[in-house]
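Residue numbers begin at 1 in each chain, while the letters A, B, ... track the order of the sequences.
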Amino acid sequence: MALQLYNTLTRAKEVFVPVDASHVRIYCCGPTVYSYAHIGNGRTFTAFDLLARVMKHLYPTVTYARNITDVDDKIMDRAKALGQSIETVTETTTAQFHADMDALNLLRPDVEPRATGHIDAMIAMIERLIAGGHAYAAEGHVLFNVPSMPDYGRLSRRSQDEMIAGARVEVAPYKKSPADFILWKPSAEDQPGWDSPWGRGRPGWHIECSAMTAAHLGPVFDVHGGGLDLIFPHHENEIAQSRCAHGTPVMANYWVHAGFLTMSGDKMSKSLGNIFTVAELLDEVPGEALRLALLQAHYRQPLDFSKEGLRQARATLDRWYGVLRAAGTVPAAKVPDEVLAALEDDLNTPLAFSLLHELANRFHKETDEGARRAVAASFKAAANLMGLLTQDPEAWFRWTPKGAEGLDEAAIQAAIQARKDARAAKNFAEADRIRKDLLDQGVVLEDGPQGTTWKRA
RNA sequence: GGCGCGGUGGCAGAAUGGUGAUGCAACGGACUGCAAAUCCGUGAAUCCGGGUUCGAUUCCCGGCCGUGCCUCCA
């Protein structure tokens, strides 16, 4: 089976054919670093992390690029509100972003370009667009001229007439066409800016991705994506800029968009304020449980986020880590074909998880030790491909929420020993008292053939 | 108003033109000193109305409900 992806450009699931099978190149629109990432951001980046992992499994060389947008008016506003420099805001937010994504067990992208590092490339690209008749300067601004591109709107399936008719924004007087969008805008004295042929200014929102993808992945690459809400205007405008600057029929061959996370039905977004940040959730649940919860629905489906979903994800990981704990050291193995096939089918994680459950079940039922180890090995390989079950099982079972550390391990071990003595003396009342006492402090005991193990509730 | 997405058991969530995965929860049993974990078993679902078809949850049309984009947004 070959990798298939749903392509927003064609609105159909397609077999993935790389531009160059010896070097696959994918790009995901990264964060604007002005505030902490919320769990909805986490979902999109987790989906792309999974795509990158699957592609790296299938192809010898994959470059996965995810940018950092570190010049933006929201950052300027944030810096002003905090009384901090823009650099302080972008650096601290970027550091937190990295910590959050690490906790979700995302691989670092191979390239993480920053907008401020590509200003020259943006200016060069804008100059090419002007030279080609696709952009014009007006009152210190440079605008992309949408009517200069006959098939503008292909990705979002909007006609130019529709956009003009539906425009809810007041049209700036310097625009030749209401649909035209900003490539470069002037900066006031107290705003960040760079010298350009059009005076001191800063880039518009979309041009950075066009410049950065061209610099790191080339004018035409394999996959580009992000959240559903980026289809219009962001990705549409990126396509316009890149194709008109490079004279190519496409910018990327496959456009992949992740669905939204909702909070009891409503979209979770910074502007609605109904958000959980990744950082705050990490105080309550292990990052891996968060990762699993985010992958539990297919990436394009709406996912209603809830604490119940997190509880379930954690319970599932308890079960799965229980397999690894019981299996002991597990040898490396090949990812089972069915699991790979599920992931190759447009990243069907729910189907892949059902297969993991079946493997876990088979492990527990298997009586032959060799076969048991083989099942455990396949199980682990499959989970690892999805960025799961990568830590030591004991570390998983000992995770504690922030501020609820409770008993230390020595005290737990001492209590387990005391209970063992009581049981040996058939003093079950005392043994049960000790177990209840530990349970009250968040420690669950399990008596097995190899002795008593424990985990944090 | 334009464009789009979704509606599957109590909950989460796949798949499918012909007996509808999987997990959580519930219930019964095995195991256990009792539990936990694990295993075995039980009950439980395709929004409504038309159409196409031998047959529709799946395809088409209409409706209802929910939700997203069209403005910053993953």
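Residue-to-nucleotide contacts include no donor-acceptor pair under 3.5 Å from the side chain of D229(A) to the base of rG68(B). A donor-acceptor contact under 3.5 angstrom links the side-chain atoms of R435(A) to the base of rA35(B). Applying the 3.5 Å distance criterion, the base of rG4(B) shares no donor-acceptor pair with the side chain of R11(A).
Residue L356(A) is out of contact with every strand shown, counting any heavy-atom pair closer than 4.0 Å. R362(A) comes within contact range of no nucleotide atom at all, as no heavy-atom separation falls under 4.0 Å. In this structure, G259(A) reaches the bases: a heavy-atom distance under 4.0 Å links it to at least one base atom across the strands shown. No contact: G322(A) has no heavy atom under 4.0 Å from any strand.
The interatomic distance linking L9(A) (CG) with rC3(B) (P) rounds to 19 Å, in whole Å. The separation between R43(A) atom CZ and rG68(B) atom P is 14 Å, rounded to whole Å. In this entry the distance linking CE of M263(A) with P of rG68(B) reads 13 Å, nearest Å. Between the NZ atom of K307(A) and the C1' atom of rC11(B) there is a distance of 18 Å, rounded to whole Å. In this entry the distance linking CG of L359(A) with P of rC39(B) reads 13 Å, nearest Å. The distance from atom CG of D49(A) to atom P of rA74(B) is 18 Å, rounded to the nearest whole Å. Across the protein-nucleic acid pair, Y299(A) atom OH and rC5(B) atom P stand 14 Å apart, rounded to whole Å. Note: NE2 (H257(A)) to C1' (rG6(B)) measures 18 Å, nearest angstrom.
Taking only side-chain atoms of F232(A), from C-beta outward, the nucleotide of rA74(B), rC69(B), rG13(B) with the closest atom is rC69(B). Of the candidates rC39(B), rG13(B), rA14(B), the closest approach to any side-chain atom of N348(A) belongs to rA14(B). Closest approach to the L303(A) side chain among rC72(B), rG13(B), rA74(B) is made by rG13(B) (side chain taken as heavy atoms from C-beta onward). The nucleotide whose nearest atom lies closest to any side-chain atom of P233(A) is, among rC72(B), rG6(B), rU38(B), rC72(B). Closest to the side chain of R158(A), from the set rG2(B), rG33(B), rC72(B), is rG2(B). The listed nucleotides are rA14(B), rA74(B), rG33(B); the one nearest the side chain of N41(A) is rA74(B). When each of rC34(B), rA74(B), rU38(B) is scored by its nearest atom to the side-chain atoms of L230(A), the top-ranked nucleotide is rA74(B).
Taking a pair to require two hydrogen-bonding distances under 3.5 Å in either a Watson-Crick or a G-U wobble arrangement, rG20(B) remains unpaired. Nucleotide rU71(B) forms a pair with no other nucleotide shown, judged by Watson-Crick or G-U wobble geometry with both contacts under 3.5 Å. Base-pair partner of rG49(B): rC61(B) (Watson-Crick or G-U wobble, both distances under 3.5 Å). Base pairing of rA30(B): its partner is rU38(B), meeting the Watson-Crick or G-U wobble criterion (both donor-acceptor distances under 3.5 Å). Pair assignment for rG66(B) gives rC5(B), based on Watson-Crick or G-U wobble hydrogen-bonding distances that are each under 3.5 Å.
In terms of the salt bridge (Lys or Arg N to Asp or Glu O under 4.0 Å) criterion, residue partners of D318(A) (sequence neighbours excluded) are, by chain and number, K455(A).
Aromatic rings from Y174(A) and H141(A) are positioned such that their centres are separated by under 6.0 Å. Residues F305(A) and F260(A) keep their aromatic ring centres 6.0 Å or farther apart. Centroid-to-centroid, the aromatic rings of F16(A) and Y254(A) come within less than 6.0 Å. Remark: aromatic rings of H224(A) and H257(A) are distant, center separation not under 6.0 Å.
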message = Strictly under 4.0 angstrom, non-hydrogen atoms only: write out the protein contact profile of nucleotides 21-26 of chain B, one letter per nucleotide from the 5' end, B, S or -.
response = BSBS--

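Within 6.0 Å of NZ in K56(A) there are more than 12 heavy atoms belonging to other residues, nucleotides or ligands. Within a 6.0 Å radius of NZ in K80(A), no more than 12 heavy atoms belonging to other residues, nucleotides or ligands are found. The number of heavy atoms from other shown groups lying within 6.0 Å of CZ (F397(A)) is above 12.
rU16(B) sits 12 Å from rU8(B) when the C1' atoms are compared, rounded to a whole Å. Nucleotides rC40(B) and rG23(B), compared at atom P, are 10 Å apart to the nearest Å. rC64(B) sits 16 Å from rC48(B) when the P atoms are compared, rounded to a whole Å. Rounded to the nearest Å, the gap between the P atom of rU22(B) and that of rC39(B) is 13 Å. Using atom P as the reference point in both rU19(B) and rG55(B), the two lie 14 Å apart (nearest Å). Comparing rG33(B) with rC27(B), their C1' atoms are spaced 25 Å from each other, to the whole Å. Here, rC3(B) and rC61(B) have their P atoms 14 Å apart, quoted to the whole Å. For the C1' atoms, the distance linking rU67(B) with rC60(B) amounts to 24 Å, nearest Å.
Nearest-nucleotide mapping onto RNA chain B: of T262(A) and G448(A), the residue sitting toward the 5' end is G448(A). The residue among M268(A) and R423(A) whose nearest nucleotide of RNA chain B lies closer to the 5′ end is R423(A).
In terms of modelled atom types and a separation under 3.5 Å, the side chain of D283(A) and the main chain of P401(A) share no donor-acceptor contact.
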ask   = Do D432(A) and R419(A) pass the salt bridge (charged side-chain N to carboxylate O under 4.0 Å, His left out) test, and can you show the C-alpha distance, the side-chain angles, and the key distance before you say yes or no?
value = CA-CA 8 Å; D432(A) 291 350; R419(A) 177 165 169 274; 5.2 Å; no

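The phosphate of rA37(B) (OP1 or OP2) has no side-chain N or O of K455(A) nearer than 4.0 angstrom.
The two atoms that bring V323(A) and A360(A) nearest to each other are CG2-CB, 3.8 Å, heavy atoms only.
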